[in-house]
Amino acid sequence: VTTLEVVRTTLVVEIAILVTGVVIVIVHALGLRAAQAANLRLLERGRSVIYAGLQRYAFSPEDRAELIALPRDILIRLLTELAPSLVPAERDWMGRLADESGLTTEAERRCRSWRWARRLNGARLLTLFGRGDATMLRLTRDENSLVRSQAAEFVGLRPSPEGIDAVVSLLDDPDPLCRFVARDTLTRLGRVAHPTLLEHLSAPAPDALDALLAVAAAVPTHEFAPVAMRHLHDERPIIRVRSAEVLRSVGGADAAAALVAALRDPDAGVRAAALDGLATLGYWPAAPTIASLMNDPAWAVRLAAGIALQRLGAPGELLLRHTAAGATPGAAVARRVLDSTAPSRIETAS
Amino acid sequence: MIWTRFAHLWLVRFEWLVLAYFILVNSFYAVLLLAAARELLRHTSAVRGESRSRILGAAAAPRISILAPARNEGPTIEDSVGALLALFYPNLEVVVVNDGSTDHTLAVLRRAFDLVPIHTVFEPRIETQRVRQLYRSRTHTNLVVVDKENGGKADALNAALNLATGDLVCSIDADTLIEPDALQRMVRPFLGRPEVVAAGGTIRVANGSAIREGRIMTLRAPRHALAGFQVVEYLRAFLFGRLGWNRLGGNLIVSGAFGLFRRDAVVAIGGYANDTVGEDMELVLRLRRRGYEEDAANQADFVPDPVAWTEVPESPRILGRQRDRWHRGLADVLWRHKRVFANPRYGAMGLVAFPYFVFVELLAPVVEACGLIAALIGLFIGALDIPFAILFFLFAYGYGLMLSVMTIVIEELSYHRYADLSDRFLLVLWALLENVGYRQLTVVWRLRGLFRFLLGRKEWGDMKRRGLNRAAVER
């Protein structure tokens, strides 16, 4: 076989691949257009049945039969576009429709697949229909992180004590996406998650304490205050920062006193978080202590102190002006903070 | 006569060398194509049916600061910034930097967004040219405008970095149009993979499409040949090049037109380098190097579905300058980081990606030009096996074309953005014609860039934009 023959043969193969590529593009484009035209008719019909039913607050057996008769992918598309606009009662109707059409069974079957992509697809369908609580609880322990995240998202829509507990355990998941979704789900659940959160926070050495406290700060209740005060003495600075954030969200005289004490923390981040907390609570009796932190060695603390004084209103502004007039490290920050309070005045002056 | 025989001998050897290079490079392209197809399959499975609005309409979503440098962008700045402010992302800040514009860019911004001067408290962690004034919008409180003295794009980005408060920073060109949900898609790798320090999205060509209020209303393939060739080039670069690199050691380039980075990592390395024209690639390499050296996040991912639209040059002169600058930037960055080359300390980046960029991206125009010159000399002195040369040329042309068409196939089977059948035909047509004339022109431009790099030239050159909206009107 000569080199020329090799090149010639390769050329023929190349041309064949090229022609195949062009044919794929054309056939796919034409097929897509035809499918879109056909689907459009079915989608329009399905939409009109659903909208009429929703307007009447009732679906007749004929409506249901018509929807169930639609191809599965069309029905899934209809339900997917409809789901975000539905209130819980309507979602329940949607779930029943999925049950009757066999979509729920199909989704649960997919959730048992050995392929993660199919399990994920099944989990997403069950989330859409609001069905399959037991299956989704099992999937919070799935080996694939995307599937676990989807199961956590499901709990956000259909909370149960076991589900919330499983989501709290995902706060310590090795995969960051799972941790993110778990945190978001618990934040969305709000007070429904309070008992479980409190139970975990009160444990002697809770897992994922950092994330637990972050969630607690986002969904505050006065019940969190004692545990946050306890964790304010933790040896890890990040835990002390998070505890300060919880106290800021919870509020109250005890929380303010604990935050004032935290102003003497050796870690700059904790001091800054405590300053932010006191400013949020509007705890003006702490203003002189806050002003003393305008000369803190850490720039972030000086800035936080300046902003805190500004947020405290008149007493804070007075102390800011006093600091700005001096020659201390805090003077520059104080001047900048004072400048930033009145952009409209600056504009007029310029 | 002896010289002819000597030249004959060396030409034959050189032609074999070129052939070996050609086979090696194209085999690697095939590997990249397969890796890209596999990666796209995995990505599609992961995002199908995903409820981004539920996950990312979240209080826990990381804050993103968009850094938008603008210099003399008067005709387009209002639409561009308006589109940025309208992005669907829950926790967003937009920092626009007027980098010493000599036109009415700042005046347009002040009028359009009701800007008022402020003296925001910030720590200038990266040194930049003097900031004249900071502004905040009264109508969009998450918009901050920095008016500073001209210092180049990198300096403007650094000024924006000093002010940004996001966990992540997104660098864009002021004339880039980002799709509304692009940030929700782009943030995914940062949520799921702690080793990711940078991520880039797809840049697509908007020339010829209808655009209104900073959004693509009707996507059309460009009717202008030069823009059409670039559509094929961009598709190839992003859909098979960068996507394939996700599986082969990570990307070395995150386009400056649309990239997302961890802010703390960027600030820790001192922001963008001012003294290079390839500041986007330089930043990614430095970030990744630091990651490897300090055992921190070191991956740069490409995410195929977030899309940003850009206007590509339709004039050969301006396109030539752009390609010249890109190649100068590439040469400069690879030279600065030469220690990464084949260095096992940097993992796949040092052993695979970096050598690829040196031998293929940087030196390909040199090899291609030498091959053509040798072929001409061979023809002149009768040392060329003409049937073989013709077949080889056809083979090379066909292979390039095959890769382009396969990219169009991937696009068709995955995103099929072009709705009209005629646009698909047009894309195939541009792919067929790209290798005749245009490709050779890019070789000349890149060689010029390499030559100017050796001369130490670092200027940017002007990029005169018509403005994307005007482009649509004129179509």
Side-chain angles (χ1 to χ4, degrees), chain A residues 3-4 7-8 10-11 14-15 17-18 20-22 24-26 28-30 32-33 76 80 84 115-118 120-121 124-125 127-128 145-146 149-150 153 156-157 175-178 180-181 183-184 187-188 214 218 299-300 303 306-307 333 335-340 343-344 346-347 350, chain B residues 19 41-42 44-46 48-51 53-62 115-123 133 135-136 138 188 190-194 385 387-388 391-392 394-395 397-399 401-402 404-406 408-409 411-413 416 418-421 424-425 427-428 431-432:
Chain A
T3 318
L4 208 62
V7 173
R8 193 178 291 138
T10 322
L11 198 60
E14 237 178 46
I15 291 167
I17 294 174
L18 193 67
T20 312
V22 174
I24 289 174
V25 171
I26 294 168
H28 185 267
L30 291 172
L32 201 67
R33 179 182 278 191
I76 289 171
T80 307
R115 287 163 55 201
W116 68 265
R118 276 184 78 76
L120 180 63
N121 183 251
R124 282 183 174 152
L125 288 177
T127 309
L128 183 71
S145 61
L146 287 170
S149 305
Q150 189 60 42
E153 197 182 322
L157 292 171
D175 187 273
L177 180 67
C178 283
F180 170 80
V181 177
R183 198 174 138 181
D184 182 52
T187 309
R188 283 172 189 279
W299 192 89
L303 173 63
I307 292 171
V333 172
R335 279 196 289 275
R336 281 184 151 175
V337 173
L338 282 168
D339 272 355
S340 68
S344 52
I346 294 164
E347 186 187 36
S350 63
Chain B
L19 185 66
L41 206 63
R42 189 202 63 79
T44 314
S45 300
R48 196 177 57 186
E50 175 194 48
S51 165
S53 56
R54 192 176 303 285
I55 296 177
L56 294 164
L115 301 181
V116 290
I118 55 163
H119 291 88
T120 297
V121 182
F122 73 96
E123 188 180 16
Q133 183 66 62
Y135 299 88
R136 190 178 289 279
R138 270 200 283 230
R188 276 195 222 105
F190 293 94
L191 299 179
R193 298 180 56 213
D385 181 346
F388 177 80
L391 275 177
F392 179 75
L394 286 175
F395 173 56
Y397 172 79
Y399 197 86
L401 182 59
M402 192 184 77
S404 300
V405 170
M406 282 302 132
I408 296 171
V409 170
E411 152 71 15
E412 175 61 36
L413 297 180
H416 38 80
Y418 293 94
D420 209 283
L421 198 61
R424 280 133 159 158
F425 279 123
L427 278 189
V428 175
L432 286 169

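A, B, ... follow the sequence lines: proteins, then strands. Residue 1 opens every chain.
- In terms of non-hydrogen atom pairs under 4.5 Å with chain B, the most contact-rich of A:Gly21, A:Ala214, A:Ala29, A:Gly306 is A:Ala29.
- In this structure, B:Pro62 and A:Phe180 have side chains that are in contact, with non-hydrogen atoms separated by less than 4.5 Å.
- Ranked by heavy-atom pairs under 4.5 Å with chain A, the list B:Leu427, B:Val428, B:Leu413, B:Asp420 is led by B:Leu413.
- Note: B:Ala46 leads B:Ser404, B:Ala46, B:Ser45, B:Pro194 in heavy-atom pairs under 4.5 Å with chain A.
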Could you walk me through whether A:Asp175 and B:Arg193 pass the side-chain contact (heavy atoms from CB on, under 4.5 Å) check? CA-CA 7 Å; A:Asp175 187 273; B:Arg193 298 180 56 213; over 6 Å; no
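- To the nearest 0.5 Å, atoms CG (B:Leu191) and OG (A:Ser149) are separated by 9.5 Å.
- Contact of A:Leu125 with chain B is not made at all, since no heavy-atom distance falls under 4.5 Å.
- For the pair B:Phe425/A:Ile26, a side-chain contact is recorded, criterion being any heavy-atom separation below 4.5 Å from C-beta on.
- Both the backbone and the side chain of A:Ile17 have a heavy atom closer than 4.5 Å to some heavy atom of chain B.
- Between A:Leu18 atom CG and B:Met402 atom CE the span is 8.5 Å, to the nearest 0.5 Å.
- Side-chain atoms of B:Arg48 and A:Leu120, non-hydrogen and from C-beta on, never get closer than 4.5 Å to each other.
- For chain A, the nearby parts of B:Arg42 are the backbone and the side chain; heavy atoms of each come within less than 4.5 Å.
- Taking the side chain to side chain donor-acceptor pair (under 3.5 Å) definition, one finds that B:Arg424 meets it with B:Glu412, sequence neighbours left out.
- The heavy-atom pair separating B:Val405 from A:Val22 by the smallest distance is CG1-N, 3.9 Å.
- Separating the CG atom in A:Leu177 from the CZ atom in B:Arg188 is a distance of 10.0 Å, to the nearest 0.5 Å.
- Of the residues considered (A:Leu128, A:Thr80, A:Asn121), A:Asn121 shows the highest number of contacts with chain B, using heavy-atom pairs under 4.5 Å.
- For A:Arg118, the side chain to side chain contact (heavy atoms under 4.5 Å, CB included) criterion is met by A:Glu106, A:Arg109, A:Arg110, A:Ser113, A:Arg115, not counting sequence neighbours.
- A distance of 13.5 Å separates NE2 of B:His416 from CZ of A:Arg33, quoted to the nearest 0.5 Å.
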